[in-house]
Protein chains: 2
Amino acid sequence: MSLVEKDKPYHHGDLRAALLKAAEAMIERVGVEGLSLRELTREIGVSSNAPRRHFPNKQVLLDALALQGFERLGMVFRRAASSNEREFSQRIIKVAKANIRFAMKNRSLYRLMFASKQRAGAPVELLDAAKATLTAGGSAVVYGQSVGAVIAGDPDQLGLTLLAAVEGLMSLSVDGKFNGVPIEHLAEQVIENIVLGLKPR
Amino acid sequence: MSLVEKDKPYHHGDLRAALLKAAEAMIERVGVEGLSLRELTREIGVSSNAPRRHFPNKQVLLDALALQGFERLGMVFRRAASSNEREFSQRIIKVAKANIRFAMKNRSLYRLMFASKQRAGAPVELLDAAKATLTAGGSAVVYGQSVGAVIAGDPDQLGLTLLAAVEGLMSLSVDGKFNGVPIEHLAEQVIENIVLGLKPR
DNA sequence: ACCTGAACACCGTTCAAGT
DNA sequence: ACCTGAACACCGTTCAAGT
């Protein structure tokens, strides 16, 4: 009856990937709390508990989404770290802005990532992925230490200081702004403050 | 039939307060996503939509909870700001630790507060309360500027730098730790880094 | 191995009604 | 003004079954 052979005994080969993709789109549309597995399966065109083979429950799907997010953020950090700005703080600002852009383009995902990590029974793979990504972020940020632009000290701790400031800016902001000022701009000021220090020289 | 007169035509005078209190306890027990209005009403002993007069829907109750949280955090900031430590960074550390303690004692509430603030249709009262509280936090933190311990500049911006770092530490941490180190301890190092600056002097 | 279909317990929300 | 009780549409999850 059909011109193309679409026997389609099962879905289309990769229901797991299709679910993750549709779920990511849905949370950006309606927020994480608005995600419905049933609606997801309706969109994709499978029965309401086809997902169960891939994700035993909703939580597991959310965790998988968060893990994917951390992996992508890790790539963002690694790419931004290879920038070749001369000035140390300019380089940090590049990393920070890449981080901010990612958070802004994937608001719900970003929130989900950090919320999942905090959850009581979070799986180790997720925690490990988060740790790896944040470590990459921290080290991307203190790359300049090698050229003597940064004080001596535990690089992880110095990276943490900068990373925390950027992360904090995002958690303090609303709609990408704080008191009306875009955080991309605030990030520059905050980073300058940290590099130079608050104490008079 | 009863020795005490408990006509109890309605609940016990303040269903609204009772709901908020029970809801706060419940989210700390089972997380925000685990909060059920129906279970709440069962606990309190009213019908399943008695809440509706006080909170037209679940979201409104969550927003009210978040608002209450910001008000309490504001008080924490104001109290911590009146500390009389000599050293500037010691004073900041006091504020930071008070912030961290609040976040640790009210994990779910704290997450709810910052998540609510980011939500698309967040009510203005909530945004205003958040702004007021965070401003209080920022200014608590640059209190030392008046004694010349801090460089000149927009105090809001300087406060933001410190506040963002502390806030970021908490969002990066898991279970109050980052790479196994308690954030109370990390906060001290991070604050010292910011006050002194990363650049060699 | 991967999916369907029907069922279960629970949920938030709405409506008509009671005092 | 404040609450009840019944109903509605929807949800996540489970179970038995099909290929």
[X] [atom1] to [N] [atom2], straight-line distance once rounded to whole Å:
{"X": "B:K58", "N": "D:dC11", "atom1": "NZ", "atom2": "C1'", "value": "12 Å"}
{"X": "B:L37", "N": "D:dC11", "atom1": "CG", "atom2": "P", "value": "18 Å"}
{"X": "B:R52", "N": "D:dC2", "atom1": "CZ", "atom2": "C1'", "value": "14 Å"}
{"X": "B:L40", "N": "C:dC11", "atom1": "CG", "atom2": "P", "value": "11 Å"}
{"X": "B:E39", "N": "C:dG12", "atom1": "CD", "atom2": "C1'", "value": "14 Å"}
{"X": "A:D14", "N": "C:dA1", "atom1": "CG", "atom2": "C1'", "value": "14 Å"}
{"X": "A:I44", "N": "C:dC3", "atom1": "CD1", "atom2": "P", "value": "10 Å"}
{"X": "B:R53", "N": "C:dG12", "atom1": "CZ", "atom2": "C1'", "value": "16 Å"}

Base partner of C:dC10, which must satisfy Watson-Crick or wobble distances under 3.5 Å =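 Its partner is none (no Watson-Crick or G-U wobble pair with both distances under 3.5 Å).
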
In the strands shown, is C:dG5 matched to any nucleotide by a Watson-Crick or G-U wobble pair with both distances under 3.5 Å, and which?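 Its partner is D:dC15 (Watson-Crick or G-U wobble, both distances under 3.5 Å).
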
- Give A:R16 one of three labels, base, sugar-phosphate or nothing, depending on what nucleic acid heavy atoms sit under 4.0 Å from its own.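 Nothing, no nucleic acid heavy atom in range.
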
Check your understanding: Which part of the nucleic acid, if any, lies within contact of A:N57, taking any heavy atom under 4.0 Å across all strands shown: a base, the sugar-phosphate backbone alone, or nothing?
Key ->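 Contact class for A:N57: sugar-phosphate only.
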
Ignoring hydrogens and angles, answer whether the base of C:dG12 and the side-chain atoms of B:N49 contain a donor-acceptor pair closer than 3.5 Å.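 Side chain to base: no pair present.
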
Margin query: Quick check for you: among D:dC11, D:dC3, C:dC3, whose closest atom lies nearest to any side-chain atom of A:R42?
Written below: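 My answer, after comparing the listed nucleotides, is D:dC11.
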
Can you tell me which nucleotide in C:dC3, D:dC3, D:dC11 comes closest to the side chain of A:S47?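 Of C:dC3, D:dC3, D:dC11, C:dC3 is nearest to the side chain of A:S47.
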
Please confirm whether the ring centroid of B:F114 lies under 6.0 Å from the ring centroid of B:F70.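 Yes.
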
**Asked** What about A:F77 and A:F102, are their ring centers closer than 6.0 Å?
**Response**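 For A:F77 and A:F102, the ring centres are not under 6.0 Å apart.
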
Side chain to side chain donor-acceptor pair (under 3.5 Å) assessment of B:R107 paired with A:Q118:
CA-CA 9 Å; B:R107 286 170 194 262; A:Q118 310 266 12; 5.6 Å; no

If you compare every side-chain N and O of A:S36 against the phosphate oxygens of D:dG12 (OP1, OP2), does one of them come in below 4.0 Å?
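A:S36 to D:dG12 OP1/OP2: side-chain N or O found under 4.0 Å.
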
query = Do the side-chain N or O atoms of A:H54 get closer than 4.0 angstrom to the phosphate oxygens (OP1, OP2) of C:dA1?
reply =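 Indeed not, no polar side-chain atom of A:H54 lies that close.
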
I need the B:S108 OG to B:M113 CE distance, nearest 0.5 Å.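 Answer rounded to 0.5 Å: 12.5 Å.
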
| query | How long is the gap from CG on A:L62 to CG on A:L67, to the nearest 0.5 Å? | reply |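 Here the interatomic distance stands at 12.5 Å.
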
